[in-house]
Amino acid sequence: MDLLSLEECLLIAQRTLPAINKSNLIVLSSQLEAGSNDLVGFMGEYYMFELEVEDVAEKKKYCLKYFIKSLPRKNEPQRKAYERKGFFRKESAVYSQMLPKIQKYATKKLFPVCYYSRNDILVLENLTQNYRHLEVSESYTIDHYKLALEHLSELHAGSIAWEEKEHINIQERYRDVLIEFHLSADNSWYTTGLNAIVFLAARHPQYQTKEAQTFIQEKLYNLLTKAEEFVAPSNTIRNVLCHRDTWDRNILYSFEKDSSPIPNACCVVDFQLTKYCSPTLDVLFLLYIVASADVRKEIYDECLEHYYKSLESHLIRLGLDKNIITRENFLQECQRTRLAALLIWALTEPQTKMSPSISNRLRSEEPEKLDHFLYCDRSELLLRVMEIQPGYEQTIMSPIRELVDYLMENENLYA
């Protein structure tokens with residue numbers, strides 16, 4: 001295995017089994033397997049990793065299981081781009097320096113343990129031993145959303161407690177780490193995505209009038225860029241450490257029994273987009289990216305209220321002023337940051353709803369076309385996928401419709 005050296009494997013085992021004398025541990029074998037297709041990400045490669053080690057003093061063997069995130073190994077241009085941007089440097093700092101500080105103030109497990117990191121790799125606890133993604137046949141219910149919102153509220157409350165009790169400011173201390181990778185004019189994925197939104201909006205049958213086409217061609221792009229200010233630290237609500245990528249593949253659930261229909265816990269993964277910003281972004285991203293538009297309309301108010309009550313209860317538990325964030329302040333901020341949630345939904349839907357068979361084939365057989373799609377121009381590939389994947393066009397046009405309608409009605413808020 002060329003991902004990790006024997007010395008690195010031994011260090012990982014020692015960190016996993018800290019109660020065992022380091023000099024007594026030896027590595028017997030290691031096994032690396034590519035993650036399943038549904039685990040493959042656009043920002044790297046995923047692997048399942050096993051170490052067999054032995055405590056020679058006790059003559060006891062251990063089988064240790066991990067989850068590995070790696071920079072792309074087969075796509076050199078993409079790998080170099082990610083290295084320059086420091087995706088793994090940021091996520092490593094979040095896992096090792098920030099999340100453990102927040103965990104001290106939590107009542108439940110908030111994140112997977114990171115056992116080892118380099119600038120190109122993260123070796124993480126394998127959550128799938130106790131948690132899992134929902135199956136294709138399983139649907140989110142209001143209970144799933146509430147559990148995820150409770151988890152986010154405890155993450156947010158813990159970050160406030162860390163600041164208040166240890167007299168620090170997360171943004172000031174980690175300014176060089178908590179860089180905005182996502183909605184940034186320096187991110188070609190983002191600017192290419194904005195152009196794709198304009199392209200799709202111009203094709204949408206709802207916007208074929210002269211007035212709509214003029215709005216799309218002359219105003220839409222500039223209005224979309226206004227979302228960038230909402231992912232910066234807010235001046236209108238208490239900022240927290242936000243996960244900022246709460247879609248369903250980053251949320252794993254735990255069930256009391258295999259037959260249990262409702263989970264009893266959840267955990268979030270992937271902290272490469274984490275920022276110090278408004279807590280409403282995590283809440284709205286969950287509701288806009290995971291829930292369908294129809295479901296969101298039904299559960300929206302109930303979910304906002306559930307999150308707020310959970311946040312309030314954690315602030316009280318931690319001995320903090322529950323009015324650090326008032327209900328009125330929270331609801332106003334949800335309205336203010338709605339554009340960012342709509343934009344993220346429209347940006348990510350073409351990728352997340354592309355069938356794994358298509359995206360995996362592009363990654364393995366046509367990486368240059370995937371790079372072109374992600375960082376240069378998405379129009380050609382979007383049209384191609386529309387032709388071969390049933391329902392794809394209708395699916396990706398749904399956020400376009402809601403986003404453009406919203407901006408046409410509220411242009412004055414962002415002009």
Side-chain angles (χ1 to χ4, degrees), residues 42-43 182-185 187-228 230-231 245 247-249 284-285 287-297 337-359 361-363 366 369-411 413-415:
F42 278 88
M43 297 180 75
H182 213 188
L183 304 191
S184 167
N187 180 4
S188 56
W189 174 89
Y190 165 65
T191 55
T192 301
L194 295 184
N195 284 318
I197 289 173
V198 174
F199 169 76
L200 291 172
R203 282 178 52 87
H204 199 294
Q206 182 71 22
Y207 306 124
Q208 295 309 306
T209 65
K210 182 179 180 180
E211 180 182 11
Q213 287 291 314
T214 299
F215 175 84
I216 290 167
Q217 300 301 332
E218 297 182 3
K219 298 182 179 181
L220 181 56
Y221 188 97
N222 287 335
L223 286 170
L224 294 174
T225 64
K226 300 296 182 181
E228 295 169 29
F230 300 126
V231 297
D245 198 13
W247 71 299
D248 64 330
R249 293 292 89 184
L284 295 182
F285 285 8
L287 296 178
Y288 274 86
I289 297 174
V290 179
S292 67
D294 290 340
V295 169
R296 182 181 357 105
K297 290 174 184 176
T337 54
R338 185 183 173 196
L339 174 59
L342 280 165
L343 178 58
I344 288 293
W345 181 30
L347 285 169
T348 57
E349 196 80 343
Q351 287 176 222
T352 60
K353 294 303 189 290
M354 189 182 296
S355 74
S357 62
I358 296 174
S359 59
R361 187 172 73 248
L362 286 169
R363 186 177 287 102
E366 301 179 275
K369 287 190 177 180
L370 180 60
D371 284 351
H372 187 79
F373 169 78
L374 292 174
Y375 307 113
C376 300
D377 182 7
R378 298 186 188 163
S379 56
E380 181 181 349
L381 187 56
L382 285 173
L383 293 174
R384 176 179 162 190
V385 179
M386 286 178 192
E387 291 181 357
I388 63 178
Q389 181 175 323
Y392 182 72
E393 181 172 10
Q394 182 179 359
T395 298
I396 66 173
M397 283 298 192
S398 179
I400 299 298
R401 171 75 183 274
E402 191 166 342
L403 174 60
V404 176
D405 280 356
Y406 174 77
L407 283 173
M408 291 178 78
E409 293 171 6
N410 298 279
E411 179 185 353
L413 296 178
Y414 307 103

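Note that these values count all heavy atoms, side chains included, but never hydrogens, waters or copies made by symmetry.
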Less than 4.5 Å apart, any side-chain heavy atom of [X] and any of [Y]?
{"X": "Phe199", "Y": "Asp377", "result": "no"}
{"X": "Leu194", "Y": "Leu343", "result": "yes"}
{"X": "Gln351", "Y": "Arg378", "result": "yes"}
{"X": "Tyr207", "Y": "Ile216", "result": "yes"}
{"X": "Leu339", "Y": "Leu407", "result": "yes"}
{"X": "Trp189", "Y": "His182", "result": "yes"}

Closest contact, heavy atoms only, Pro399 versus Trp345: CB-CD2, 3.3 Å

For a quick test of your reading: what N or O donor-acceptor pairs under 3.5 Å do the side chains of residues 390-398 make, sequence neighbours left out?
from: Tyr392; atom 1: OH; to: Pro350; atom 2: O; distance (Å): 2.6
from: Glu393; atom 1: OE2; to: Arg203; atom 2: NH2; distance (Å): 3.4
from: Thr395; atom 1: OG1; to: Gly391; atom 2: O; distance (Å): 2.9

Tell me whether Arg296 is salt-bridged to Glu402, with the criterion being a basic N under 4.0 Å from an acidic carboxylate O. yes

Strictly below 4.0 Å, N to O, side chains only: are Arg338 and Glu409 in salt-bridge contact?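 Here Arg338 does not pair with Glu409 in a salt bridge, since their nearest N and O are not under 4.0 Å apart.
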
How long is the span from the CG atom in Asn187 to the CD atom in Glu228, to the nearest 0.5 Å? 10.0 Å

Between atom CZ of Phe230 and atom CG of Leu284, what is the distance when rounded to the nearest 0.5 Å? 11.5 Å

Please check if atom CD in Glu380 has more than 12 non-hydrogen atoms from other residues, nucleotides or ligands closer than 6.0 Å.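 No, not enclosed.
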
Just distance, no hydrogens or angles: give the donor-acceptor pairs under 3.5 Å from side chains in residues 218-227, sequence neighbours left out.
from: Lys219; atom 1: NZ; to: Glu411; atom 2: OE2; distance (Å): 3.0
from: Thr225; atom 1: OG1; to: Asn222; atom 2: O; distance (Å): 2.6

